[in-house]
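Predicted model only: the values in this text are computed from it and were never measured.
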Amino acid sequence: MSLSANKPLPRTALEPVCAALASVIRQRREAEGLSLNQLAERTNLSRPMISFIETNGRIPTIDSVARISRAFGLSCGKLLAEAEKKLEL
């Protein structure tokens, strides 16, 4: 699936990168052996919020993405780039 800047999504649809970001966050958390609670503690976000983000139930704010990225030792750009790369597969 490739990104297309020329085709707007319906107002109620989410950007595909949102689902890809949710997947990347979950995969990174699991690869590092972190529980939802541990990631929540590292980010100062609630456990339910981390769960909502990972299941694509909520779109994270830039602040949340920055906190999660830092918890993984990454920049926001690197985390988003991983999500975009997932879409290109």
Which atom pairs, donor and acceptor, lie under 3.5 Å between side-chain atoms of residues 45-52 and protein residues at least two apart or in another chain?
{"from": "Ser46", "atom 1": "OG", "to": "Met49", "atom 2": "N", "distance (Å)": "3.1"}

Can you name the residues that form a side chain to side chain contact (heavy atoms under 4.5 Å, CB included) with Ala22, not counting sequence neighbours?
Asn56

What pairs with Gln38 under side chain to side chain contact (heavy atoms under 4.5 Å, CB included), at least two apart in sequence or on another chain?
Leu34, Ser35

Should Val17 and Leu79 be counted in the same cluster of Ile, Leu, Val, Met, Phe, Trp and Tyr side chains packed under 4.5 Å apart?
no

To the nearest 0.5 angstrom, please state how far the CZ atom of Arg42 sits from the CG atom of Asn37.
13.0 Å

To the nearest 0.5 angstrom, please state how far the CD atom of Gln27 sits from the CD atom of Glu82.
9.0 Å

Return all side-chain donor-acceptor pairs below 3.5 angstrom for residues 68-78, not counting sequence neighbours, or 'none' if the list is empty.
{"from": "Ser69", "atom 1": "OG", "to": "Val65", "atom 2": "O", "distance (Å)": "2.7"}
{"from": "Ser75", "atom 1": "OG", "to": "Lys78", "atom 2": "N", "distance (Å)": "3.1"}

Arg29: side chain to side chain donor-acceptor pair (under 3.5 Å) partners, not counting sequence neighbours
Glu54

Which residues share a side chain to side chain donor-acceptor pair (under 3.5 Å) with Thr43, sequence neighbours left out
none

